[in-house]
Amino acid sequence: MAKQITSRAEDYSQWYVELVKLADLAENSDVRGCMVIKPYGYAIWEKMQQGLDQMFKDTGHVNAYFPLFVPKSMFEAEEKNAEGFAKECAIVTHYRLKTDPAGNGKLMVDPEARLEEELVVRPTSEAIIWNTYKKWIQSHRDLPILVNQWANVVRWEMRTRLFLRTAEFLWQEGHTAHATAAEAEKETRTMLDVYADFAENFMAVPVIKGKKSEGEKFPGAIDTYCIEALMQDGKALQAGTSHFLGQNFAQAFDVKFTGKDGKLEYVWGTSWGASTRLIGGLIMAHSDDDGLILPPKLAPIHVVIVPIFKNDQELSAISEVADKLMKELKAAGLSVKFDNRDTHKPGFKFAEYELKGVPVRLAIGPRDLEQGTVELARRDTREKKSMKATDVATEVPSLLDDIQKNLYRKALKFREDMTTPVNSWDEFKKVLEEKGGFLLAHWDGTAETEAKIKEETKATIRCIPLDAPVEKGKCVLTGNPSNQRVLFAKAY
RNA sequence: CGGGGUGUAGCACAGCCCGGCUAGUGCGCUACGUUCGGGACGUAGAGGUCGGAGGUUCGAAUCCUCUCACCCCGACCA
């Protein structure tokens with residue numbers, strides 16, 4: 001036993017960090033606050049991109065790319081948005097280095113090369129995009145514009161955690177423009193549904209759809225919708241957001257169109273995004289003390305084949321069987337890896353692929369050759385069974401399906417167990433402290449109460465659930481009347 | 001930006017308080033051999049500006065000054 005991960009019970013965040021590193025997903029770089037996403041971690045991101053991108057295309061969106069830099073004057077045009085991000089912007093002030101005249105062989109910023117106007121490194125792209133949309137839109141015939149971009153953004157975070165919060169991260173941001181408020185609102189909700197669909201069907205993570213409170217919403221938006229997922233430590237993670245921007249950005253950037261009636265009106269907008277943070281959520285939702293557990297739909301490798309052999313003769317005999325299985329499984333659309341390294345023992349490989357969360361493992365040894373069998377092991381339940389080699393190609397696809405469903409079921413049950421309606425302030429504090437998870441509580445709807453709860457307990461309103469039933473009640477803190485329960489939790 | 005901490009081999013660390021010969025340990029790495037159905041073992045090896053600069057001293061990883069970087073805890077956040 002060489003690599004042992006800190007258990008979740010012992011120290012959840014330590015477990016997370018070690019897992020990310022040991023599973024080869026990412027590491028801290030020598031650049032402050034920035035991470036290196038390693039090939040295996042990036043492969044998961046590519047799977048996420050493929051899934052989301054297809055869903056965006058299916059809902060009528062197209063991809064484009066906008067600049068990394070935003071001139072300060074453009075950035076500040078929408079005041080609330082600019083203010084909201086001001087504290088965490090990286091700014092380019094110079095465009096040239098020169099040799100240090102001190103003769104130390106070093107470079108220095110050339111003071112002569114100061115930019116006329118500073119460039120903000122985008123923390124999000126509304127500004128440059130709405131500046132561009134102004135040129136694209138004159139008539140209702142130019143609408144809607146349904147554009148998405150896959151990009152990196154920079155937010156100068158004080159404290160960073162791999163995938164969950166880094167100074168630079170990868171994401172997609174959709175930016176749409178519409179002729180009517182109703183259409184933009186519909187788009188906002190459509191994309192929220194896309195995110196929820198993705199989270200549940202690809203990530204196997206159940207989410208709660210809701211609206212953000214005034215205090216938690218995106219600066220510059222009229223309404224912010226989100227999906228909230230629950231991690232195994234009982235903390236919430238926002239997994240995607242969709243904003244109804246109203247005419248805020250259209251007004252700030254003077255984007256108007258002529259309607260069918262000939263009248264000039266400001267354009268209605270939305271924006272929506274999901275980031276590499278999803279990878280963090282994926283890890284924290286399913287994985288265990290032995291390593292990652294990946295849902296088949298996002299696993300870079302579906303099946304790994306581990307040969308058990310003493311010598312070259314055995315290996316080549318096993319390879320024949322393995323090659324045949326690989327062909328069959330690949331034909332079924334699966335990604336398969338045959339690990340025929342002779343530098344590591346089977347036990348080492350078993351542990352390694354468990355660490356990396358490969359959903360299905362096939363082991364083939366001399367005994368299997370004699371009997372025409374393979375040993376099949378599934379990562380999620382750790383079950384092992386022997387089966388006929390000829391059945392593999394038909395059984396594995398449905399097994400993967402079952403794993404995908406099982407992970408979702410398990411996560412859903414966990415969330416249900418960890419969602420607690422509370423009716424008094426004492427109960428609120430007690431449940432939050434002792435159990436954690438989601439708390440459903442009445443709230444009087446004021447920012448003051450929200451802030452006070454946050455200050456006293458660290459719990460925030462994750463969202464006002466969309467499907468919450470109307471229910472008369474009293475605010476858990478103030479006792480003032482309330483019409484529905486909202487979702488509270490400590491959050492990442 | 002406050003408060004704490006750490007920089008010694010690819011990684012994790014010991015040594016520092018109380019200065020002393022050639023700077024260690026584990027993992028990893030290289031070669032060879034034996035192993036191989038749950039993280040193998042043996043033997044032999046390679047690998048270091050002790051974060052950087054300056055100072056004290058016969059002598060500094062160790063003491064002093066300065067400096068840089070990173071990590072953790074808080075306030076802020078996808």
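Residue numbering restarts at 1 for every chain, and letters A, B, ... go by the order of the sequence lines.
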Expressed in whole Å, how much space separates the P atoms belonging to C17(B) and A12(B)? 25 Å
Pairs under 3.5 Å (Watson-Crick or G-U), crossing ones as [ ], inter-strand ones as |: RNA chain B comes out as ((((((((.[[[[.)....(...]]]].((((((.....)))))).....[[[[[..)....]]]]])))))))....
P spacing across the pair G4(B) / U43(B), given as an integer number of angstrom:
48 Å
Open item on the list: Under 4.0 Å, heavy atoms only, any strand: does Thr166(A) hit a base, just the sugar-phosphate, or nothing?
Closed with: base
Next item on the list: Could you work out the separation of G52(B) and G7(B) based on their P atoms and round it to a whole Å?
Entry: 13 Å
query: Is Glu228(A) salt-bridged to Lys212(A), going by a charged N under 4.0 Å from an acidic O?
result: yes
Separation of A12(B) atom P from Gln14(A) atom CD, nearest Å, is 12 Å
Lys310(A) atom NZ is separated from A40(B) atom P, nearest whole Å, by 15 Å
What nucleic acid atoms does Leu237(A) come within less than 4.0 Å of, heavy atoms only: base, sugar-phosphate, or nothing? nothing
is_close_aromatic(Phe85(A), Phe75(A)), centroid dist under 6.0 Å: no
Ranking C77(B), G38(B), A78(B) by distance to the side chain of Phe169(A), first place goes to A78(B)
At less than 4.0 Å, is any side-chain N or O atom of Lys458(A) found next to OP1 or OP2 of A75(B)? Yes or no. yes
Determine whether any donor atom in the side chain of Lys384(A) lies under 3.5 Å from an acceptor atom in the base of G38(B), or the reverse, and answer yes or no. yes
To the nearest angstrom, the CG-C1' distance between Leu162(A) and C71(B) comes to 12 Å
Exercise. Would you classify Glu375(A) as touching base, sugar-phosphate or nothing, given that sugar-phosphate means primed atoms plus P, OP1 and OP2, and contacts are heavy atoms under 4.0 Å?
Key: base
Closest to the side chain of Lys345(A), out of C36(B), A78(B), G38(B), is C36(B)
Looking only at C77(B), G37(B), G38(B), the nucleotide nearest the Arg361(A) side chain is G38(B)
In whole angstroms, the gap separating P of A78(B) from CG of Leu170(A) amounts to 18 Å
Glu352(A) atom CD is separated from G28(B) atom P, nearest whole Å, by 13 Å
Rounded to whole Å, NE2 of His344(A) lies from C1' of G38(B) at a distance of 15 Å
Which of C76(B), G39(B), G37(B) is nearest the side chain of Lys87(A)? It is C76(B)
When you check the side-chain N and O atoms of Thr449(A) and Thr446(A), is any donor under 3.5 Å from an acceptor? yes
Note: for Asp290(A) and Asn311(A) on RNA chain B, the residue whose nearest nucleotide lies more 5' is Asn311(A)
- Message: Between the base of G39(B) and the side chain of Glu354(A), is one N or O donor paired with an acceptor at under 3.5 angstrom?
- Response: no
Between U34(B) and C27(B) - P atom distance, rounded Å
23 Å
By nearest-nucleotide position on RNA chain B, the 5'-leaning member of Phe309(A) and Arg462(A) is Phe309(A)
Between NZ of Lys217(A) and P of A78(B) the distance, given in whole Å, is 14 Å
- request: In whole angstrom, give me the gap between the C1' atoms of G28(B) and C11(B).
  value: 7 Å
Next on the checklist: So Glu173(A), base contact, sugar-phosphate only, or nothing? Heavy-atom distance under 4.0 Å.
Outcome noted: nothing
**Prompt:** Can the positive tip of Arg361(A) be found less than 6.0 Å from the middle of the six-membered ring of Phe350(A), inside 45° of the ring normal?
**Reply:** yes
Q.
Suppose you measure atom P in C29(B) against the same atom in U65(B); what distance do you get, rounded to whole Å?
A. 43 Å
Check: How about Asp368(A) and Thr373(A): does a side-chain donor come under 3.5 Å of a side-chain acceptor?
Finding: yes
Rounded distance in Å between the P positions of A44(B) and G5(B) = 43 Å
All heavy atoms of Arg122(A) vs all of Tyr65(A), minimum pair found to be NH2-OH, 2.7 Å
From CD of Glu216(A) across to P of C76(B) the rounded distance in Å is 11 Å
inquiry  = Can you confirm whether the side chains of His243(A) and Thr224(A) place a donor and an acceptor under 3.5 Å from each other?
reply    = yes
query: If you look at every strand shown and take non-hydrogen atoms under 4.0 Å, does Glu157(A) touch a base, only sugar-phosphate, or nothing?
result: base
Rounded to whole angstrom, note down the C1' distance from G51(B) over to C70(B). 10 Å
- Message: I'd like to know if the side chain of Asn201(A) pairs up with that of Tyr408(A) as donor and acceptor (distance under 3.5 Å, no hydrogens or angles considered).
- Response: no
- Charged tip of Lys209(A) within 45° of Tyr225(A) ring normal and under 6.0 Å: no
